[in-house]
> 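Below is one structure. I have some questions about it.
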Amino acid sequence: MRILFATGNENKVSEASSILSPLGYHVETLVVNGIKPEFIEPQADGIEAVALSKIEQAREFVKGTQLESSIILVEDSGLFIDSLGGFPGPYSSYVEKTIGLPGILQLMSGEPARGAEFRAVAIVSGEGFTFTGEGISPGEISNEMIGQMGFGYDPIFIPHDGDGRTCGELSPEEKSSISHRAKALKVVSEFLNPPSK
Ligand code: ITT
């Protein structure tokens with residue numbers, strides 16, 4: 001089954017492909033006439049609202065093209081830091097581009113409570129259906145950036161399901177076995193193709 005992932009982030013497509021390929025799905029980046037959708041991300045309270053806005057924009061993007069009836073996937077993620085009241089949360093993308101990871105570490109400087117979680121909301125939509133799946137990966141914010149793997153906030157996030165390394169130190173396979181994205185995508189894949197009981 002072919003799934004078109006509407007995203008500007010190729011790292012997400014690689015991760016989704018490694019998670020969904022073994023389950024029998026073929027994941028590709030959504031491209032229409034050589035162009036990927038560029039989302040206007042609403043400054044919303046939650047990543048659910050952002051994901052819903054992305055799926056509406058993606059469906060509008062394929063309207064009237066030969067991809068109109070395809071299965072489309074969008075996903076919105078965020079890093080929620082306990083001691084910062086859930087910041088950056090839905091603003092994670094903007095915050096990464098502005099103050100970046102050094103800015104987050106600066107905000108956390110001297111803070112002993114380092115709990116945080118990554119959350120993902122994935123939405124698949126096809127002819128006559130729209131389905132949402134969520135995934136959470138609990139963890140801690142490290143004291144420094146460690147690791148070159150992954151992307152985004154990976155070098156400062158230590159998942160509780162791991163062995164103390166940051167996501168930036170995990171291989172793609174290790175990250176995909178525990179990530180918020182993997183959990184959300186597993187839920188939507190089960191909706192698309194329910195496992196036989
Ligand atoms: P699209 O909206 O085009 O899909 P994006 O990179 O803007 O791509 P998000 O808004 O979902 O994606 O991501 C919010 C921020 O969280 C952004 O700065 C990402 O780099 C970061 N992020 C998302 N998933 C991550 C992950 O698995 N590891 C580290 N950082 C992640």
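Just so it is clear, the structure is predicted and the values come from calculations on it, not from any experiment. Just so you know, ligand 1 is whichever comes first in the structure, and atom 1 is the first atom listed for that ligand.
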> Check contact between Lys97 and ligand 1, using heavy atoms of the residue and a distance below 4.0 angstrom.
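For ligand 1, residue contact (heavy atoms, under 4.0 Å) with Lys97 is absent.
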> Would you mind checking if Glu134 and Lys183 are paired as a salt bridge, meaning a charged N to carboxylate O distance below 4.0 Å?
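Judged by the 4.0 Å cut-off on N to carboxylate O distance, Lys183 and Glu134 do not form a salt bridge.
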> Nearest heavy atom to atom 22 (N) of ligand 1: which of Phe151, Phe157, Phe5 does it belong to?
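Nearest option to atom 22 (N) of ligand 1, by heavy atoms: Phe151.
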> Can you pull the ring pair (Phe, Tyr, Trp, His ring centres under 6.0 Å) pairs that have at least one residue in residues 125-148, sequence neighbours excluded?
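As it turns out, the ring pair (Phe, Tyr, Trp, His ring centres under 6.0 Å) pairs with a partner in residues 125-148, which skip direct neighbours, are Phe129-Phe191, Phe131-Phe191.
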> Leu30 pairs by side chain to side chain contact (heavy atoms under 4.5 Å, CB included) with which of Ile35, Thr7, Val62, Val74?
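When Ile35, Thr7, Val62, Val74 are each tested with Leu30, the side chain to side chain contact (heavy atoms under 4.5 Å, CB included) holds only for Val62.
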> Suppose we screen for ring-ring contact (aromatic ring centres under 6.0 Å, His included). Which residues come up paired with Phe151, at least two apart in sequence or across chains?
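If we apply the ring-ring contact (aromatic ring centres under 6.0 Å, His included) test to Phe151, skipping adjacent residues, there are no hits.
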> Is Phe118 near ligand 1, meaning one of its heavy atoms is under 4.0 Å from it?
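It does; at least one heavy atom falls under 4.0 Å.
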> What protein heavy atom is closest to atom 17 (C) of ligand 1, reported as residue, atom name and distance in Å?
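Going atom by atom, the protein heavy atom closest to atom 17 (C) of ligand 1 ends up being Glu96 OE1, 3.5 Å.
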> Going by the order shown, which atoms of ligand 1 are within less than 4.0 Å of some heavy atom of Thr7?
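Within the 4.0 Å cut-off of Thr7, ligand 1 contributes 1 (P), 3 (O), 4 (O), 8 (O).
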> Given Arg181, Glu75, Lys12, which one has a non-hydrogen atom that is nearest to atom 5 (P) of ligand 1?
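That would be Lys12.
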> Looking only at protein heavy atoms, identify the closest one to atom 3 (O) of ligand 1 and say how far it is in Å.
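Sorting protein heavy atoms by distance from atom 3 (O) of ligand 1 puts Gly8 N, 2.8 Å first.
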> Is there a nitrogen or oxygen of Ala6 sitting under 3.5 Å from a nitrogen or oxygen of ligand 1?
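No; every N/O pair is 3.5 Å or more apart.
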> Of the protein's non-hydrogen atoms, which lies at the shortest distance from atom 7 (O) of ligand 1, and what is that distance?
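The answer is Ser93 OG, 3.2 Å.
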